[in-house]
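FYI, side chains are in, hydrogens and waters are out, and symmetry mates aren't considered; it's all heavy atoms of this structure. Quick caveat, the model's predicted, so the values are computed rather than measured.
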Amino acid sequence: MNLSNLLTLIRVAVIPIIVFFIYLKSPFFGWVAFFLFCLASITDYFDGYLARIRNEVTNFGTFLDPIADKLLVASVILILTSKGVISDWETIPALIILLREITVSGLREYLAGIKISIPVSRIAKLKTLLQLCSLALLILSESLTNFNLILYLGQVFLWIAGLLTLYTAYDYVKASIKHF
């Protein structure tokens, strides 16, 4: 156990709390959910960064980090969809994001079984950043009901993230296909 793995475990542990606070209809709890989501999102960067600079990369961390990311994103997408914050046409990029995560997870598992690793591209990192920003804004939009700009910005970021998600999925499948 090291600091990087601890950050990842905390990110996983805070997910149910974030979802619970999003579910509540109080602006106060919306702000708490926004704050916790932002902290969890930031740990996504710092756990990997700390593991690399401290030379503490572990098999456990390599396994858990992408799962923690997917759990955070999927949980928030699902609760925001159930509350109607993500609705109508915005369900399309949300669905693209969820389907890509499932597909890439399956590909990673298969490739790991044959000892192949495909590095994360810069565009995939940008995609993740936009996903996290869009979800943070959509969480916040519930607490700022008189400020529609936050909701619209969250929706625009969600669409951009959805398009980048399609591109990175294609890129990942293309890089993986030669190993089948």
Side-chain angles (χ1 to χ4, degrees), residues 8-24 30 33-34 36-45 47-48 61-113 117-142 150-177 180:
T8 304
L9 287 170
I10 290 170
R11 185 162 74 248
V12 171
V14 80
I15 293 169
I17 299 166
I18 294 168
V19 168
F20 178 72
F21 285 149
I22 292 171
Y23 182 75
L24 297 175
F34 169 76
L36 290 174
F37 181 81
C38 289
L39 283 177
S41 298
I42 290 167
T43 66
D44 179 33
Y45 170 77
D47 60 5
T62 303
F63 162 76
L64 188 60
D65 181 62
I67 291 172
D69 301 342
K70 287 163 187 38
L71 288 173
L72 180 64
V73 169
S75 297
V76 171
I77 284 175
L78 290 173
I79 193 69
L80 290 175
T81 302
S82 78
K83 291 190 74 180
V85 176
I86 296 175
S87 63
D88 301 323
W89 289 101
E90 280 69 41
T91 57
I92 294 170
L95 187 59
I96 289 168
I97 290 167
L98 293 175
L99 293 175
R100 185 257 186 207
E101 299 306 336
I102 293 167
T103 303
V104 168
S105 293
L107 283 172
R108 280 195 181 123
E109 186 175 330
Y110 169 76
L111 292 173
S117 175
I118 297 176
V120 177
S121 68
R122 287 185 181 204
I123 195 94
K125 290 181 181 190
L126 176 62
K127 173 229 19 132
T128 300
L129 176 65
L130 282 171
Q131 281 178 3
L132 296 173
C133 288
S134 71
L135 294 176
L137 290 169
L138 291 172
I139 291 168
L140 187 59
S141 73
E142 287 232 297
I150 296 295
L151 175 64
Y152 297 134
L153 196 54
Q155 291 170 336
V156 167
F157 281 10
L158 186 65
W159 274 102
I160 295 169
L163 293 172
L164 288 175
T165 299
L166 275 177
Y167 175 79
T168 60
Y170 167 77
D171 209 27
Y172 203 89
V173 169
K174 186 177 81 173
S176 302
I177 204 86
F180 283 98

Checklist entry - Does Thr91 use its side chain to pair, donor to acceptor, with the backbone of Ser87 at less than 3.5 Å? => result no

Checklist entry - Do Leu107 and Ile118 have side-chain heavy atoms sitting under 4.5 Å apart? => result no

Checklist outcome for this item: Taken to the nearest 0.5 Å, the spacing of Leu130 CG from Leu158 CG works out to 10.0 Å

Item to check | Closest non-hydrogen atom pair, Gly154 against Ser134 | outcome: O-CB, 3.4 Å

Checklist entry - Do Asp171 and Lys174 touch side chain to side chain, with heavy atoms closer than 4.5 Å? => result yes

Item to check | Check: Arg108 and Tyr172 side chains under 4.5 Å, non-hydrogen atoms | outcome: yes

Checklist entry - Roughly how far, to the nearest 0.5 Å, is the CD1 atom of Ile160 from the CG atom of Leu129? => result 11.5 Å

Next on the checklist: Just so I know, are the side chains of Phe34 and Phe21 near enough to count as touching, which here means a heavy-atom distance under 4.5 Å?
Outcome noted: no

Next on the checklist: Donor-acceptor check, side chain of Ser75 to backbone of Leu72, threshold 3.5 angstrom: yes or no?
Outcome noted: no

Next on the checklist: Please check if the number of heavy atoms outside Tyr110 that lie under 6.0 Å from its OH is greater than 12.
Outcome noted: yes

Item to check | Within-4.5 Å side-chain heavy-atom neighbours: Ser141 and Val85 | outcome: yes

Checklist entry - Would you find more than 12 non-hydrogen atoms of other residues, nucleotides or ligands less than 6.0 Å from Lys125 atom NZ? => result no

Next on the checklist: As an exercise, state the distance from CD of Glu142 to CG of Leu137, rounded to the nearest 0.5 Å.
Outcome noted: 13.0 Å

Checklist entry - Which of these, Thr43, Asp65, Asp44, sits in a side-chain contact (heavy atoms from CB on, under 4.5 Å) with Thr8? => result Asp65

Item to check | pair Leu126-Leu164: side-chain heavy atoms closer than 4.5 Å | outcome: yes

Checklist entry - Which heavy atom of Cys38 sits nearest a heavy atom of Ala136, and at what distance? => result SG-CB, 4.2 Å

Next on the checklist: With side chain to side chain contact (heavy atoms under 4.5 Å, CB included) as the criterion, how do Val73 and Leu135 come out once you've worked through the C-alpha distance, each side chain's angles and the decisive distance to 0.1 Å?
Outcome noted: CA-CA 8 Å; Val73 169; Leu135 294 176; 4.0 Å; yes

Checklist outcome for this item: Separation between CG (Leu71) and CG (Leu64), nearest 0.5 Å, reads 8.0 Å

Checklist entry - Does some side-chain heavy atom of Phe37 sit less than 4.5 Å from a side-chain heavy atom of Leu138? => result no

Next on the checklist: Are the side chains of Val104 and Thr168 in contact, using a 4.5 Å heavy-atom criterion?
Outcome noted: no

Checklist entry - Which atom names give the shortest non-hydrogen contact between Ile15 and Ala68, and what distance separates them? => result CD1-O, 4.1 Å

Checklist entry - Can you tell me how far the CD atom of Gln155 sits from the CG atom of Asp88, to the nearest 0.5 Å? => result 9.0 Å

Item to check | Ile139 versus Gly30, closest heavy-atom pair with distance | outcome: CG2-O, 3.8 Å

Next on the checklist: Test side chain to side chain contact (heavy atoms under 4.5 Å, CB included) on Gln131 and Thr165; report intermediate values, then the result.
Outcome noted: CA-CA 9 Å; Gln131 281 178 3; Thr165 299; 3.3 Å; yes

Checklist entry - What is the distance from atom CZ of Phe157 to atom CG of Leu132, rounded to the nearest 0.5 Å? => result 12.0 Å

Checklist entry - Taking all atoms of both residues into account, what is the closest heavy-atom pair of Asp47 and Arg11, and its distance? => result OD2-NH1, 2.9 Å

Next on the checklist: How close do Ala33 and Ile22 get, counting heavy atoms only, and between which atoms?
Outcome noted: CB-CG1, 3.6 Å

